[in-house]
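Some notes on the structure that comes next.
Here is the naming used below: chain letters follow the sequence lines, and residue numbers restart at 1 for every chain.
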Number of protein chains: 2
Amino acid sequence: MSQDWEWDQDRTIWEQMYEVLRSRIEQGIYPSRSAVPSLDRLQQEFGVARVTVQKVMRILKDEGMIKTIVGKGTFVRPPEEWGQSSDR
Amino acid sequence: MSQDWEWDQDRTIWEQMYEVLRSRIEQGIYPSRSAVPSLDRLQQEFGVARVTVQKVMRILKDEGMIKTIVGKGTFVRPPEEWGQSSDR
DNA sequence: TAAGATTTGTTCGTATGTATA
DNA sequence: ATATACATACGAACAAATCTT
C-alpha cells in the first residue's frame, strides 16, 4: 500500500491513526469480514506502540466497525452492523 | 463498594488517595495476598491520572504493604511483612 | 498428546510535554 | 523554581485463546 498517512505534530497520534484505519475500512481496503492486520503488523507499519494501536482498536470496536476474537484476530464487520456495539 | 472517599480541595490528591488505599488494605477490603485493582481500574475509579496512582503505590511499596510483579499485578503483603521494604 | 507460533488481552515501568498553584 | 496533576506515548512482561506441527 502506498503511504496514505503522515503524522501531523499538532494532533495526537492515536487520533490520526484512527482516521486512517477508519478510512481504510470504509473504502474497503480492509474488506468486510476479512481480518485487519495484526497488532504487531500495524505497530510496525505505523511505527507506534502496541498500546496506541489497541487504543484505536478499542474505539473502532465500540463503534461496531470491527470485532476481535482472542487468539484469532480482528475482523471487519459488514457495514449493516456498524453502530451496533459488538460487546467486545 | 460504596463511595468511601471524597476529595478535599485543601489537600493533595495523592495524599488523600494514599489514606483511602491504606485504609482499604488495613481493613481487609483488599485481602492479604490478593491483588489490588490495576492501575487502570484505580485510575478510573478515582478519576485521577496514572502517575498519581503510581505515586501512591510507590509509597505503599516502600512501606512494605504491597508488592508488585510486572506483567501480573500488585499484591497485598501479609501484615507480618509490613515495614519490611520489599525492594520494588 | 505435546510443543511451538501467532494473536489479542492485561498489567506495570518509564518518559515527555503541558498546565496550574 | 518547585510541586502537583493531567494526557500522551514508548517499552516490557505475563496471560489466555487459537492454530499448526
Side-chain angles (χ1 to χ4, degrees), chain A residues 5-21 24-25 30-31 33-77 85-88, chain B residues 5-21 24-25 30-31 33-77 85-88:
Chain A
W5 57 271
E6 185 173 0
W7 295 152
D8 175 355
Q9 294 189 327
D10 295 338
R11 300 164 62 228
T12 62
I13 292 176
W14 68 261
E15 188 180 358
Q16 298 174 67
M17 188 173 174
Y18 161 76
E19 292 168 1
V20 174
L21 291 188
R24 288 184 183 175
I25 293 172
Y30 298 149
R33 292 193 174 76
S34 73
V36 302
S38 70
L39 291 181
D40 277 353
R41 284 185 183 278
L42 290 173
Q43 178 178 344
Q44 286 171 26
E45 180 192 352
F46 289 92
V48 300
R50 180 187 170 86
V51 286
T52 302
V53 181
Q54 284 178 312
K55 178 173 188 138
V56 173
M57 296 299 222
R58 172 78 265 164
I59 299 174
L60 292 170
K61 276 174 219 167
D62 289 343
E63 296 178 335
M65 297 186 74
I66 60 177
K67 184 180 195 309
T68 282
I69 303 176
V70 178
K72 292 197 67 172
T74 303
F75 303 85
V76 179
R77 299 177 78 201
S85 182
S86 59
D87 299 329
R88 309 218 92 198
Chain B
W5 56 270
E6 187 173 358
W7 295 155
D8 175 355
Q9 296 188 325
D10 295 337
R11 300 164 61 228
T12 62
I13 292 176
W14 68 261
E15 188 179 358
Q16 300 174 65
M17 188 172 175
Y18 162 77
E19 292 168 1
V20 174
L21 292 189
R24 288 184 183 174
I25 293 172
Y30 299 149
R33 293 194 172 78
S34 74
V36 303
S38 69
L39 291 180
D40 277 353
R41 284 187 183 278
L42 289 174
Q43 177 179 346
Q44 286 171 25
E45 181 193 351
F46 288 92
V48 299
R50 179 186 175 81
V51 287
T52 301
V53 182
Q54 285 176 310
K55 179 171 188 138
V56 173
M57 297 297 222
R58 174 77 266 166
I59 299 174
L60 292 170
K61 277 173 217 168
D62 289 343
E63 295 178 335
M65 297 185 74
I66 59 176
K67 184 180 196 305
T68 284
I69 303 176
V70 179
K72 291 197 68 173
T74 302
F75 303 85
V76 179
R77 299 178 78 200
S85 182
S86 61
D87 299 330
R88 315 213 89 198

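- Proximity of A:Lys61 to the phosphate of C:dG9: a side-chain N or O atom is located under 4.0 Å from OP1 or OP2.
- Of the candidates D:dG11, D:dA16, D:dA5, D:dG11 carries the atom nearest the A:Gln43 side chain, counting heavy atoms from C-beta on.
- Between B:Gln9 atom CD and C:dT20 atom C1' there is a gap of 14 Å when expressed in whole angstrom units.
- Rounded to whole angstrom, the span from the CD1 atom of B:Ile69 across to the P atom of D:dA12 amounts to 20 Å.
- You'll find that the side chain of A:Thr68 is closest to C:dG9, out of C:dG9, D:dC10, C:dT14.
- Residues B:Ile59 and B:Trp14 meet the side-chain proximity criterion, which asks for heavy atoms closer than 4.5 Å.
- Minimum atom distance to the side chain of B:Arg50 is reached by C:dT14, of the listed C:dT8, D:dA13, C:dT14.
- Residue B:Val51 places its side chain closer to D:dC6 than to any other of D:dA13, D:dG11, D:dC6.
- Contact between the side-chain N/O atoms of B:Lys72 and the OP1/OP2 oxygens of C:dC12 is not found at any separation under 4.0 Å.
- Side chain of A:Trp14, nearest nucleotide from D:dC10, D:dT8, C:dT8: D:dT8.
- One can place NZ of A:Lys55 at 15 Å from P of C:dT10, the figure rounded to the nearest angstrom.
- The one candidate from A:Met57, A:Lys55, A:Arg50 that meets the side chain to side chain contact (heavy atoms under 4.5 Å, CB included) condition with A:Val53 is A:Met57.
- Counting heavy atoms from C-beta outward, A:Val56 and A:Leu42 have side chains that stay 4.5 Å or more apart.
- Residue A:Thr52 places none of its side-chain N or O atoms closer than 4.0 Å to OP1 or OP2 of D:dT8.
- Looking at A:Ile13 and A:Thr52, their side chains come closer than 4.5 Å, going by heavy atoms from C-beta outward.
- Heavy-atom nearest nucleotides on DNA chain D were determined for B:Glu15 and for B:Gly71, and the one closer to the 5' end corresponds to B:Glu15.
- A close approach under 4.0 Å does not occur between any side-chain nitrogen or oxygen of B:Ser38 and OP1 or OP2 of C:dT10.
- Two residues are said to be in side-chain contact when any heavy atoms from C-beta on lie closer than 4.5 Å; A:Trp5 and A:Arg24 meet this criterion.
- The nearest whole Å value for the distance from the CD atom in B:Gln54 to the C1' atom in C:dA15 is 11 Å.
- Between B:Thr74 and C:dC12, a side-chain N or O to OP1/OP2 separation shorter than 4.0 Å is present.
- One interatomic measurement links the two molecules: CG of B:Asp40 to P of C:dG9, which rounds to 14 Å at whole-angstrom precision.
- For D:dA3, neither phosphate oxygen OP1 nor OP2 lies less than 4.0 angstrom from any side-chain nitrogen or oxygen of B:Thr12.
- Rounded to an integer number of Å, the gap from NZ of A:Lys67 to P of C:dT7 is 18 Å.
- Residue A:Leu39 contributes atom CG, which lies 17 Å from atom P of D:dA9 at whole-angstrom precision.
- For the pair B:Ile13 CD1 and C:dT20 C1', the computed distance is 12 Å after rounding to whole Å.
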